[in-house]
Engineer: 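Below you will find the structure I want to go over with you.
All heavy atoms count here, side chains included; hydrogens, waters and symmetry mates do not. One-based numbering, in listed order, for ligands and for the atoms of each.
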Amino acid sequence: MENRDAELREKILSLKRRRNAVILAHNYQLDEVQDIADFVGDSLELSQQAARTDAEVIVFCGVHFMAETASILCPDKVVLLPDVHAGCPMANMITAERLRERKKELPGATVVCYINSTAETKAESDICCTSANAVKVIESLDAKEILFVPDQYLGHYISTKTDKKMFFWPGFCPTHIRIGAEHIIELKQEHSQAKVVVHPECRPEVIALADEVLSTGGMCRYASRNEVEEMIVGTEIGIIHRLKKENPGKKFIPASEQAICPNMKLITLNKILWSLEEMTPEVKVPKEICLKAKAAVDRMLGIGRADERIKPGSYPDYHGH
Ligand code: 13P
Ligand code: SF4
């Protein structure tokens, strides 16, 4: 079995070199997929990696919206998603058409879209954000009213950090809502020294019990601090692999063993090899949608680099691609 795995890894690495490909993996991926990746990270870090890679092919080990974002940022590269069924249920809780209807009801609101959304939804939005930069993005906006889509819980968390008036879309992550306040309360009794770190996709009553509310990348950085010896981890359990690997000797306790995203687990080593052999399934966004969605993603990536203030409902002319 071990020999077969080693052989599989060898084949992937050699084909990856021949294809001039890079393998990007999200922190929730299966252990063996994380271990073969060139880069493992959160949504923001992965989109930054995609934007700057020299590789001709990106093998995206994550879910569909992540591969789509990579394709939006690098329309000339081949972006492969080794299982085309790896979608994000939250991203599918909104459609561009329903968003257009809601925008008509809120003409003065700036639309901020969580990166966990389809290219069509991004294309209808003024700017994107991820869990790592959401508060910073909202604070950068020259707008009093924000329509935040599609995650109501991330939206609610941001609203506790800003004075702006926020309207939410009723979407949510089916994996993070499995984490309950009762899980955290029970684990805190058992592990009184442990820091409680949760993802902002969790429900408000869970967030209220946390010491830190962080993206998955933020969790990895926080875990490496000297004062952190034990951590209750309120997110998808795939991240535990990386936390343990990077912090031997420290203790990481999942807030709930049920917090598994089945879509993230669809990518396997066999599928990565097949995908590189066949150069499929490729994720590509139609040009018209891509240009508009790219403007929203670029504005997010520009926050901190440029002093761009986004006005309500405005799409500045966009000439890049
Ligand atoms: P981050 O890794 O960006 O924190 O996002 C979590 C997530 O749910 C991705 O699908
Ligand atoms: Fe979507 Fe939640 Fe899975 Fe992330 S963990 S991909 S938000 S369903």
Engineer: Under 3.5 Å between some N or O of ligand 1 and some N or O of D42?
Structural biologist: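 Among all N and O atoms of D42, none is under 3.5 Å from an N or O of ligand 1.
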Engineer: Considering only heavy atoms from C-beta outward, does the side chain of K164 approach that of I158 to under 4.5 Å?
Structural biologist: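 They are not in contact (no side-chain heavy atoms under 4.5 Å apart), so the answer is no.
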Engineer: If you have a sec, work out which protein heavy atom is nearest atom 7 (S) of ligand 2 and how many Å separate them, to one decimal?
Structural biologist: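 So the nearest neighbour among protein heavy atoms is N116 ND2, 3.2 Å.
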Engineer: Considering only the protein, which heavy-atom contact is closest to atom 8 (O) of ligand 1, and what is its distance?
Structural biologist: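 Closest protein heavy atom to atom 8 (O) of ligand 1: E201 OE2, 3.0 Å.
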Engineer: What protein heavy atom lies closest to atom 1 (Fe) of ligand 2? Include the residue and the distance to one decimal.
Structural biologist: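 For atom 1 (Fe) of ligand 2, the nearest protein heavy atom is C88 SG, 2.4 Å.
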Engineer: Report yes or no: does a heavy atom of M90 sit under 4.0 Å from some atom of ligand 2?
Structural biologist: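 Right, M90 reaches ligand 2.
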Engineer: Report yes or no: does N263 have a heavy atom closer than 4.0 Å to ligand 2?
Structural biologist: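 The answer is no, since N263 has no heavy atom less than 4.0 Å from ligand 2.
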Engineer: Out of all atoms in ligand 1, which are within 4.0 Å of some heavy atom of M66? Include the element for each.
Structural biologist: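 Near M66, meaning under 4.0 Å from one of its heavy atoms, ligand 1 has 9 (C), 10 (O).
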Engineer: What I want to check is whether the side chains of T216 and D42 have a donor and an acceptor closer together than 3.5 Å.
Structural biologist: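 No - no donor-acceptor pair under 3.5 Å links their side chains.
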Engineer: Is there any N or O on H176 that sits under 3.5 Å from an N or O of ligand 1?
Structural biologist: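 By distance alone, the answer is no.
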Engineer: With a 6.0 Å cut-off (strictly less than), is the heavy-atom count around CD of Q193, excluding the residue itself, greater than 12?
Structural biologist: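 Atom CD in Q193 is not crowded, with 12 or fewer foreign heavy atoms closer than 6.0 Å.
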Engineer: Would you say that M93 contacts F172 through its side chain, given a criterion of any heavy-atom pair below 4.5 Å between the two side chains?
Structural biologist: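 SC-SC contact between M93 and F172 confirmed.
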Engineer: Give a yes or no on whether a salt bridge exists between D211 and K195, defined as a side-chain N under 4.0 angstrom from a carboxylate O.
Structural biologist: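 Salt bridge flag = no for K195 with D211.
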Engineer: Of the protein's non-hydrogen atoms, which lies at the shortest distance from atom 8 (S) of ligand 2, and what is that distance?
Structural biologist: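 Ranking protein heavy atoms by distance from atom 8 (S) of ligand 2, first comes P89 CD, 3.5 Å.
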Engineer: State, yes or no, whether a side-chain contact exists between S117 and F65 at a heavy-atom distance under 4.5 Å.
Structural biologist: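 Answer no - side chains too far apart.
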Engineer: Can you list the atoms of ligand 1 that are under 4.0 Å from a heavy atom of S215?
Structural biologist: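 Those atoms are 4 (O).
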Engineer: Look at C173 and state whether any of its N, O or S atoms is less than 2.8 Å from atom 3 (Fe) of ligand 2.
Structural biologist: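 It does not: C173 brings no N, O or S atom closer than 2.8 Å to atom 3 (Fe) of ligand 2.
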Engineer: Establish, for the pair K165 and F167, whether the NZ or CZ atom is under 6.0 angstrom from the six-membered ring centre and no further than 45 degrees off its axis.
Structural biologist: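 Relative to the ring axis of F167, which defines the angle, K165 lies inside both limits.
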Engineer: Minimum distance, heavy atoms only, to atom 4 (O) of ligand 1: which one of H199, H26, E45 is it?
Structural biologist: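 Going through H199, H26, E45 one by one, H199 has the nearest heavy atom to atom 4 (O) of ligand 1.
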Engineer: So is T130 polar-close to ligand 1, meaning N/O to N/O under 3.5 Å?
Structural biologist: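 The answer is no, given that T130 and ligand 1 share no N or O pair closer than 3.5 Å.
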Engineer: Does some non-hydrogen atom of N116 fall short of 4.0 Å from ligand 1?
Structural biologist: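 N116 counts as a contact of ligand 1 under the 4.0 Å cut-off.
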Engineer: Going by the order shown, which atoms of ligand 2 are within less than 4.0 Å of some heavy atom of Y28?
Structural biologist: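 The list of qualifying atoms is 5 (S).
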Engineer: Show me which atoms of ligand 2 lie under 4.0 Å from any heavy atom of E201.
Structural biologist: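 Ligand 2 atoms under the 4.0 Å threshold to E201: 2 (Fe), 7 (S).
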Engineer: N/O/S of C261 less than 2.8 Å from atom 1 (Fe) of ligand 2?
Structural biologist: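 No - counting backbone and side chain alike, C261 has no N, O or S atom under 2.8 Å.
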Engineer: Tell me whether Q258 at atom CD has more than 12 heavy atoms from other residues, nucleotides or ligands lying less than 6.0 Å away.
Structural biologist: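 Open.
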Engineer: If I compare all heavy atoms of L44 with all of M300, which pair ends up nearest, and what's the gap?
Structural biologist: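 Shortest heavy-atom contact: CD1-CE, 3.9 Å.
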Engineer: Closer than 4.0 angstrom, basic N to acidic O: yes or no for R98 and E101?
Structural biologist: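 Judged by the 4.0 Å cut-off on N to carboxylate O distance, R98 and E101 do not form a salt bridge.
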Engineer: Please confirm whether M90 approaches ligand 1 to less than 4.0 Å, judged on its heavy atoms.
Structural biologist: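 So M90 does not count as touching ligand 1.
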Engineer: In this structure, are over 12 heavy atoms from other groups packed under 6.0 Å from E229 atom CD?
Structural biologist: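 Open.
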Engineer: Taking the side chain as every heavy atom from C-beta outward, state whether F39 and E45 have any atom pair closer than 4.5 Å.
Structural biologist: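 F39 reaches E45 side chain to side chain.
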Engineer: Any idea which part of S131 is under 4.0 Å from ligand 1, heavy-atom wise: side chain, backbone, both or neither?
Structural biologist: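 It is the side chain that gets close, since no backbone atom is under 4.0 Å.
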Engineer: In the protein, what heavy atom is nearest to atom 3 (O) of ligand 1, and what distance, to one decimal place, separates them?
Structural biologist: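 That would be S43 OG, 2.8 Å.
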